[in-house]
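In what follows, a single structure is set out as structure tokens and then discussed.
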Amino acid sequence: MPRRLPGLLLLLWPLLLPPPPAAPANPGTPARPVFRRLGTLGPRGSPGRHPAPAAPTGEPYSGSSLPGGARGAGVCKSRPLDLVFIIDSSRSVRPLEFTKVKTFVSRIIDTLDIGEANTRVAVVNYASTVKIEFHLQAHSDKQSLKQAVGRITPLSTGTMSGLAIQTAMEEAFTVEAGARGPSSNIPKVAIIVTDGRPQDQVNEVAARARASGIELYAVGVGRADMESLKMIASEPLDEHVFYVETYGVIEKLSSRFQETFCAIDKCALNTHGCEHICVNDRTGSYHCECNEGYTLNEDRKTCSAQDQCASGTHGCQHLCVSDRAGSHHCECYEGYALNEDKKTCSVRDKCALGSHGCQHICVSDGAASYHCDCYTGFTLNEDKKTCSAIEEARRLISTEDTCGCEATLAFQDKVSSYLQRLNTKIDDILAKLQANEYGQIHR
């Protein structure tokens, strides 16, 4: 007798059979992948780069597949951005789902370098109305920024996506609100998150936003309209349009945005080719520089020694002496000493300067003093500069003495002659006086 299958097995049998093939998709309805890859950004003034393959879901991008096997910190760095999140908080987004959106925003913030000179973040909240929760200039550190995101609450019914994009363009991406001007070359990026169909026209306003230099990413959840997402996003669409089935998995997209906003640190990769110094630029690029005493060659990579003495850029007060390639030192003229700055000079020996004026010998008395001396057989004259031979000096003195004696004798002769004449006159006067006196007595 054939064995009968138990009743329970009969009941479970349909469940054990393979499921029927899925109905073919409507040709007019685009397929919705769970993730859309983020990669090279579009041509509309975007910060684009060619990324390395994506890291496994949920793991931070490490750069392990970059050229040369470069890995870890210092290779992939967040580029400066003016980033505005435009989040749908209409009634279709339940409170728990809205919390997931805020977590998604916070996780992207975690992957960025936040600061005045780095990435600035603003949030535009919308439903039937639009509210700028905070501007780009409001928060310059991650902690306060994430706290501000955590305080955001849903608005109301309605999905005015076009109005939200227009508000972001006209009010959030302005210099007054904290956006940086065109000369800064800081990319302007907006990420719009929605789960519905826009209730206003988004095509025209999104086109104006893209034309103004804003790069638009569109993230759709659940019932989001794919055609509207395509009208919003920048080209190429497969790199700017993303879709997830539920808010429960939206957080996983944060690692994909981290990859997109990552700038390869080419200096850290050591493939830059700079002979001396590699300098990272703010645009994700780099340039080469040279060590002091060298100039960059026309290839913008290699360096040549610079003769600073010949170019006049040495700064030496007196003498510049070229050393080995690219180096030099300063020296001073004779009689000067090099100061501590190794550039300027101070007087060390005035005798060595040659401007002392001594006829024979200059004797240094210190840094700023000296006196003159004479060779043997000479004596210093009264001017304290010139010298005369000692015999000549004696001759001059002897001549002077002789002349002095002759003058004295002539003077003495004159005085003697005068005295003789004076004595004669006195004798005559005395004789007359005596005669006169004698005559008076004998009268």
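Every residue meeting the ring-ring contact (aromatic ring centres under 6.0 Å, His included) condition with Phe378, not counting sequence neighbours, appears here in chain and number order: His360. The ring-ring contact (aromatic ring centres under 6.0 Å, His included) check on His287 picks up nothing, with sequence neighbours excluded.
Counting non-hydrogen atoms of other residues, nucleotides and ligands closer than 6.0 Å to CD of Gln201 gives a total of 12 or fewer. Annotation: Glu204, atom CD; neighbour count of heavy atoms from other residues, nucleotides and ligands within 6.0 Å does not exceed 12. Other residues, nucleotides and ligands place more than 12 heavy atoms under 6.0 Å from the CZ atom of Arg208. For Lys131, the NZ atom is loosely surrounded, since the number of other residues' heavy atoms within 6.0 Å does not exceed 12.
Cysteine sulfur proximity is satisfied for Cys387 and Cys374, their SG distance being under 2.5 angstrom. Sulfur-sulfur distance for Cys362 and Cys372: not below 2.5 Å, with no disulfide indicated. A disulfide bridge does not connect Cys278 to Cys288: their SG atoms sit 2.5 Å or farther from one another. A disulfide is not assigned to Cys309 and Cys316, since their SG atoms are no nearer than 2.5 Å.
Checked by atom type, the side-chain pair Tyr126/Ser161 shows a donor-acceptor distance below 3.5 Å. No side-chain donor-acceptor contact under 3.5 Å links His135 and Glu176.
Remark: side-chain polar atoms of Tyr247 are not paired, donor with acceptor, to backbone N or O of Val221 under 3.5 angstrom. The backbone N or O of Thr157 lies less than 3.5 Å from a partner atom in the side chain of Ser128, making a donor-acceptor pair. Between the side chain of Glu275 and the backbone N or O of Cys303, at least one donor-acceptor pair lies under 3.5 Å. Side-chain N or O atoms of Glu97 include one that pairs as donor or acceptor with a backbone N or O of Arg94 at under 3.5 Å. Using modelled atom types, no side-chain atom of Ser228 and backbone atom of Ala224 make a donor-acceptor pair closer than 3.5 Å. With hydrogens and angles disregarded, no donor-acceptor distance shorter than 3.5 Å links the side chain of Asp373 to the backbone of Val363. In this structure, Thr174 contributes its side chain and Glu170 its backbone to no donor-acceptor pair below 3.5 Å. For the pair Gln317 (side chain) and Cys345 (backbone), a donor-acceptor distance under 3.5 Å is present.
Between Lys100 and Glu251, at least one side-chain N (NZ, or NE/NH1/NH2) sits under 4.0 Å from a carboxylate O, which counts as a salt bridge. For the pair Glu340 and Lys342, the salt-bridge criterion is not met [side-chain N within less than 4.0 Å of a carboxylate O].
Residues Tyr217 and Ile192 have side chains not in contact (no heavy-atom distance under 4.5 Å, counting atoms from C-beta outward). Looking at Ile250 and Val219, their side chains come closer than 4.5 Å, going by heavy atoms from C-beta outward. Side-chain contact check for Val249 versus Val244: some heavy-atom pair is nearer than 4.5 Å. Considering only heavy atoms from C-beta on, Glu215 comes within 4.5 Å of His240 through its side chain. A 4.5 Å side-chain heavy-atom check between Tyr370 and Cys358 finds at least one atom pair inside the cut-off. Phe104 places none of its side-chain heavy atoms less than 4.5 Å from the side chain of Ile87. Inter-residue side-chain proximity for Tyr286 and Val279 is flagged as unmet; no heavy-atom pair is nearer than 4.5 Å. With a 4.5 Å cut-off on side-chain heavy atoms, Val189 and Val84 do not count as touching.
Between Arg107 atom CZ and Asp110 atom CG the span is 8.5 Å, to the nearest 0.5 Å. Summarising the geometry, atom CZ belonging to Phe257 is positioned 11.0 Å from atom CG belonging to Leu112; distances are rounded to the nearest 0.5 Å. Rounding to the nearest 0.5 angstrom, the gap separating the CG atom in Leu380 from the OG1 atom in Thr386 is 7.0 Å. Between Leu216 atom CG and Glu235 atom CD the span is 11.5 Å, to the nearest 0.5 Å. Note that OG1 of Thr302 and CG of Asn297 are 3.5 Å apart. Values are rounded to the nearest 0.5 Å. Once rounded to the nearest 0.5 Å, the distance linking CG of Asp225 with OG1 of Thr159 reads 11.0 Å.
In this structure, Tyr336 and Tyr333 have perpendicular ring planes: the angle between them is above 60°, well past the 30° mark.
For the side chain to side chain contact (heavy atoms under 4.5 Å, CB included) with Ile165, the qualifying choice from Ile214, Val130, Ile232 is Ile232, the only one to do so. Of the residues listed (Cys274, Cys290, Ser304), the one engaging Leu296 in a side chain to side chain contact (heavy atoms under 4.5 Å, CB included) is Cys290, and it is the only one.
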Given side chain to side chain contact (heavy atoms under 4.5 Å, CB included), test Asp141 with Leu145 step by step and report yes or no. CA-CA 6 Å; Asp141 64 275; Leu145 185 56; over 6 Å; no
Evaluate the side chain to side chain donor-acceptor pair (under 3.5 Å) criterion for residues Thr119 and Asp113: first the C-alpha distance (whole Å), next the side-chain angles of each, then the deciding distance (0.1 Å), finally the verdict. CA-CA 6 Å; Thr119 293; Asp113 294 326; over 6 Å; no
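Within the structure, the side chain to side chain donor-acceptor pair (under 3.5 Å) test picks out the following pairs touching residues 80-92 (sequence neighbours left out): Asp82-Arg180, Asp88-Ser90, Asp88-Thr194, Ser89-Asn125, Ser90-Ser92, Ser92-Asp195.
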